[in-house]
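Below you'll find the structure, written out as structure tokens, and then a few comments.
So you know, we letter chains A, B, ... as the sequences are listed, proteins then strands, and number each from 1. Computed from a prediction, not measured in an experiment: that's the story for all the values here.
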Amino acid sequence: MKVIPKAYEPEQFEQDLYRQWEDAGYFRPEVNMGKSPSYDRQTDGKPFVISMPPPNITGKLHMGHALFATLEDIMTRYHRLMGSPTLWLPGTDHAGIATQTVVDKSLRKQGINKNELGREKFIEKVWEWKEQYGSTITRQLRRLGSSCDWSRERFTLDEGLSHAVRTAFVDLYNKGLIYRGVRVVNWCPRCHTAIADDEVEYRFEKGKLYWLKYGPFILATARPETKLGDTAVAVHPGDQRYLEMVGKKYTIQGVLGDFEVVVVADNAVDPEFGSGAVKVTPAHSFTDYEIAQRHNVPMKQIINENGRMMDNTGKYAGMKTIEAREAIVADMEAMGLIDHIDEYDHNIATCYRCGGVIEPIPSKQWFVKTRPLAEKAKKAVEDHDIKIIPERFEKVYFDWMDNIRDWCISRQLWWGHQIPVWYKNLPQLPELPELTRNKKQVEAGQEGSPVSAKNSEEFRFSIIDPEDLSWILSNIQDTHNYEYVDFFDGQIRTRIDTESFTCTEKQTDRTGVVAKTGLSGYIDGVKSCLELRSTNGFAKYEIEFKGQVPDRFTGRPVIASTEILNHQVDNTSGVSYYVGMEPPRGEGWVQDPDVLDTWFSSALWPFSTLGWPEKTTDLDYFYPTTVMETGYDILFFWVARMVMFGLEFTGKSPFETVYLHGLVRDEHNRKMSKSLGNSLDPLDLIPKYGTDAVRMALVVGSTPGQDIPIGEGKIKGYRNFSNKIWNASRFTILRVSEGDLKTGEIGGESVSDLAIDQELLSPADQQILSRHQEVKRDVSRMLNEFRFSLAGETLYDYFWHTFADIYIEASKNQLAPDADQRIRENTKKILIKLLSETLIMLHPFMPFVTEAVWQELREIFPSLPKYLIIAKWPFDADKKTTRS
RNA sequence: GCGCGCUUAGCUCAGCUGGUUAGAGCGACUCGUUUACACCGAGUAGGUCGGGGGUUCGAAUCCCUCAGCGCGCACCA
């Protein structure tokens with residue numbers, strides 16, 4: 001008879017079992033396109049794929065990671081047991097701001113200043129940090145039993161992914177979906193970078209509302225210091241009180257002398273609030289900026305990127321905004337410019353990373369034009385190409401897509417993907433003689449055209465190297481108000497109607513317009529010339545086209561390289577820029593110092609990790625992925641953007657189902673926080689109670705989209721369950737192995753061949769077998785429907801309170817030495833069947849105990865698969881012929 | 001302001017498309033246990049399913065309404 005320890009000691013098994021699985025390669029899916037599978041498959045053969053939400057390299061594992069790892073591992077293991085080729089692709093995220101802040105802090109503790117260190121050295125330090133901590137978190141994910149394919153592990157700054165990022169940027173740029181411009185942005189003076197709208201968090205703070213005597217108006221403001229940047233007063237168009245004043249200019253007495261404002265009527269003004277008149281500070285308020293844009297009101301910036309008053313604010317220059325506010329209020333009171341002051345609760349904007357107050361300031365940044373992307377992304381969910389669980393988040397998703405604003409993607413940081421744009425300052429050049437305005441357009445094959453292409457479609461796509469085209473077009477964007485753009489290819493001069501791009505709002509049309517009006521065709525080896533003229537100046541580019549290769553997107557031939565022989569720019573900025581995958585040829589080009597928003601690379605994750613933009617086997621086979629499992633808190637940050645980018649770059653939704661889990665909270669449903677001291681550390685709990693217990697505690701009782709409370713008591717409960725599994729199995733194994741197995745007391749080759757004699761069944765046998773069948777069916781269905789909690793609970797209840805409490809007790813009689821030999825044998829067969837099949841079903845939830853027990857079970861019943869992880873799921877949903 | 005969620009036993013929560021006597025875990029109480037497991041077993045108590053109204057043969061479940069709590073988005077002069 002076997003000897004098995006009395007209690008389950010997880011520490012003795014977990015790490016060893018994990019190593020055995022990993023070494024055996026069970027986490028790596030078989031890529032077998034078009035071939036018949038090498039194993040018994042219960043599915044349609046489609047691979048099951050999850051891209052792991054890449055944890056930041058900044059920290060160590062917490063309960064949130066444990067939750068996603070558990071849920072994703074359950075799905076992965078379930079589908080593996082079902083026989084699907086299963087890929088769970090892990091990785092980590094460089095997490096721009098977060099990592100830079102943490103490393104900066106740690107360096108400062110060592111007395112090292114980031115700025116003295118310099119960019120290159122600093123980035124080296126961050127990489128050192130990454131080497132140290134990036135692997136910590138993946139090691140800890142293994143501890144959770146995550147059966148992901150480590151051979152495919154990725155990091156967002158890997159060469160392949162960086163290449164994907166550059167490709168995406170350049171492609172969007174060429175499509176006119178990325179632009180650079182001066183906008184009022186959310187600026188964090190503490191992190192010293194712009195952040196996106198959804199990276200801003202609002203919180204209430206007690207403050208004051210100042211009623212100012214403002215020329216003929218009395219108006220309220222929370223930020224009197226911005227008065228120095230005021231250029232207008234806005235009122236509601238229907239407001240009778242101010243009708244007469246609209247359009248007129250007024251002189252306002254200010255602390256730095258008189259200044260002039262214009263009165264405009266705008267619907268954004270709420271006539272009910274305050275006096276119905278608003279002072280407009282276009283440079284430091286989003287609403288004011290928009291009002292100013294609509295009424296052509298000038299903008300005056302008075303706050304700089306350090307959150308301090310600028311030189312144009314006289315004696316207040318250099319003060320922080322709060323200091324300036326106090327000083328200005330004091331001065332205004334002295335001048336009798338303040339009517340009265342109210343108490344007022346402000347909803348102030350703060351940075352989601354550092355908590356600092358956000359200053360809206362005008363800044364030149366890169367933006368993604370999101371609306372065209374959002375429309376497709378919205379449609380994908382509307383058409384059910386993507387299903388969101390729980391469904392109610394679809395509405396939230398739609399609302400976001402409907403109200404989306406352009407996405408500011410440049411960050412003034414060092415750690416991240418540096419923007420693939422290069423700048424060059426150019427000397428002023430003497431004006432060129434006026435160009436001949438020839439309106440003739442080039443058509444493919446047309447007489448006089450130097451273009452040799454025979455079919456017009458090929459011709460149309462064979463513009464010039466997209467990278468150079470973008471570089472050229474970038475200048476159109478930069479200077480506005482071009483009168484005309486001429487393209488001269490050596491023989492024919494082509495006029496391009498510039499009306500289409502005088503306005504930045506029409507940027508999407510740029511590429512199209514160019515193609516339509518004839519900036520197309522290439523001349524291998526011929527020097528061409530592009531000339532731009534604007535109200536600010538002109539630019540001339542001499543270009544030589546060389547060679548011909550297939551375009552990587554369309555497969556059509558394009559110019560392989562375009563040498564810019566010379567280019568000249570003369571405009572107000574005097575700067576030209578180049579957008580491309582690699583630095584441009586020639587001297588003096590400097591790359592844009594900014595990096596991209598972390599979420600830009602994250603948005604590419606489901607396909608960049610599989611090799612995109614290269615056409616790899618992995619991309620072909622595993623993309624689109626199956627499930628995106630993540631927290632509802634990053635629905636906008638991440639999920640929405642993956643959908644937008646997935647559709648844009650691959651033409652496919654990046655996943656079929658989005659499963660949103662909730663936030664892990666403490667047993668009283670409070671947020672886990674260090675200050676409350678209620679945080680649970682999975683790395684303490686795992687050695688204490690076992691990974692399986694932690695996993696079960698996270699799954700059972702949690703509903704998608706709903707926060708999940710968890711306390712140590714709950715985990716203890718599932719530790720007890722682990723032990724119950726161990727002991728019920730121990731009983732089974734010990735009893736079944738009584739007698740001589742070699743002579744085949746229970747016989748049979750595999751579990752399905754266990755010939756259970758229906759004639760000999762006791763009522764207890766019949767009941768358990770029937771219940772067992774139900775559980776198999778229910779659990780399969782629940783897992784297919786993403787109802788993990790219910791599935792786990794069902795299995796828990798069945799195993800403990802039906803199998804162990806009822807059936808094992810009943811089996812004791814049936815196994816008694818004085819019982820009929822045939823009954824004993826039959827009972828043993830039933831026990832083996834029930835136990836082995838239940839272990840398989842429990843395995844996705846509790847991989848370690850179940851595998852540990854399986855290995856024991858295999859010793860007395862060697863026909864079982866070598867490892868539980870690759871066993872066969874005991875219920876086939878397609879076989880609806882389940883006889884009761 | 002717009003939207004969403006929650007309110008079920010002392011605590012934390014399940015309860016899918018309405019259908020036996022509303023469930024679990026923890027906690028409480030009683031009893032038991034040399035015999036797979038005290039990280040155990042058998043059992044008990046505990047709920048007018050937030051209030052009100054409606055639909056229905058039948059409502060924790062669907063609809064309306066009110067209240068409390070929480071969250072998201074927008075505004076925030």
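- Going from the P atom of B:G47 to that of B:C57 covers 32 Å, rounded to whole Å.
- Side-chain atoms of A:R392 and base atoms of B:C4 include no donor and acceptor less than 3.5 Å apart.
- Of the side-chain N and O atoms in A:N723, none sit less than 4.0 angstrom from OP1 or OP2 of B:C40.
- Taking atom C1' on both B:G23 and B:G5, the two are 22 Å apart, rounded to the nearest angstrom.
- In this structure, A:R392 fails the cation-pi test against A:Y632, since its NZ or CZ atom is not both closer than 6.0 Å to the six-membered ring centre and inside 45 degrees of the ring normal.
- Between the OH atom of A:Y807 and the P atom of B:C37 there is a distance of 20 Å, given to the nearest Å.
- Atom NZ of A:K395 is separated from atom P of B:C71 by 20 Å (rounded to the nearest Å).
- If you take CG of A:L835 and C1' of B:A36, they are 12 Å apart, rounded to a whole angstrom.
- A donor-acceptor contact closer than 3.5 angstrom links the side chains of A:K279 and A:T281.
- As rounded to whole Å, 15 Å separates atom C1' of B:C39 from atom CE of A:M696.
- With RNA chain B read from its 5' end, the first of the two nearest nucleotides for A:F636 and A:A234 is the one closest to A:F636.
- Mapped onto RNA chain B by nearest heavy atom, A:G717 and A:Y202 fall at different nucleotides, with A:G717 at the one closer to the 5' end.
- Phosphate contact (OP1/OP2 of B:C37, side-chain N/O of A:K6, threshold under 4.0 Å): present.
- In this structure, A:T732 does not reach the B:A36 phosphate: none of its side-chain N or O atoms is under 4.0 Å from OP1 or OP2.
- Side-chain N/O atoms of A:E809 and base N/O atoms of B:A36 include a donor-acceptor pair closer than 3.5 Å.
- The phosphate of B:C40 (OP1 or OP2) has no side-chain N or O of A:H801 nearer than 4.0 angstrom.
- Phosphate proximity of B:C75 to A:T287: absent, as no side-chain N or O sits under 4.0 Å from OP1 or OP2.
- An OP1 or OP2 oxygen of B:G25 is reached within less than 4.0 angstrom by no side-chain nitrogen or oxygen of A:K716.
- In summary, A:R730 and A:E856 do not engage in a salt bridge, as defined by a charged side-chain N under 4.0 Å from a carboxylate O.
- B:U7 atom C1' lies 15 Å from atom CG of A:D707, rounded to whole Å.
- The separation between A:D197 atom CG and B:C73 atom P is 11 Å, rounded to whole Å.
- B:U61 sits 23 Å from B:G3 when the C1' atoms are compared, rounded to a whole Å.
- Regarding A:I806, its CD1 atom lies at a distance of 17 Å from the C1' atom of B:A36, rounded to whole Å.
- The base of B:C37 sits within donor-acceptor range of the side chain of A:K724, with an N or O pair under 3.5 Å.
- We find that A:E809 and A:K812 are joined by a salt bridge, their nearest charged nitrogen and carboxylate oxygen being less than 4.0 Å apart.
- Using atom P as the reference point in both B:C4 and B:G51, the two lie 23 Å apart (nearest Å).
- With C1' as the reference atom, B:C73 and B:C64 are 26 Å apart, rounded to whole Å.
- If you take CZ of A:F731 and P of B:C39, they are 21 Å apart, rounded to a whole angstrom.
- For the P atom pair drawn from B:U21 and B:A36, the interatomic distance equals 39 Å after rounding to whole Å.
- One finds no side-chain N or O of A:W800 lying less than 4.0 angstrom from the OP1 or OP2 phosphate oxygen of B:G25.
- Between A:E260 and A:K300, none of the side-chain N atoms (NZ, or NE/NH1/NH2) sits under 4.0 Å from a carboxylate O, so this pair counts as no salt bridge.
- Note on A:R371 versus A:E375: no salt bridge recorded, every NZ/NE/NH1/NH2 to OD/OE distance being 4.0 Å or above.
- Rounded to whole Å, the separation between the P atoms of B:G72 and B:G54 comes to 37 Å.
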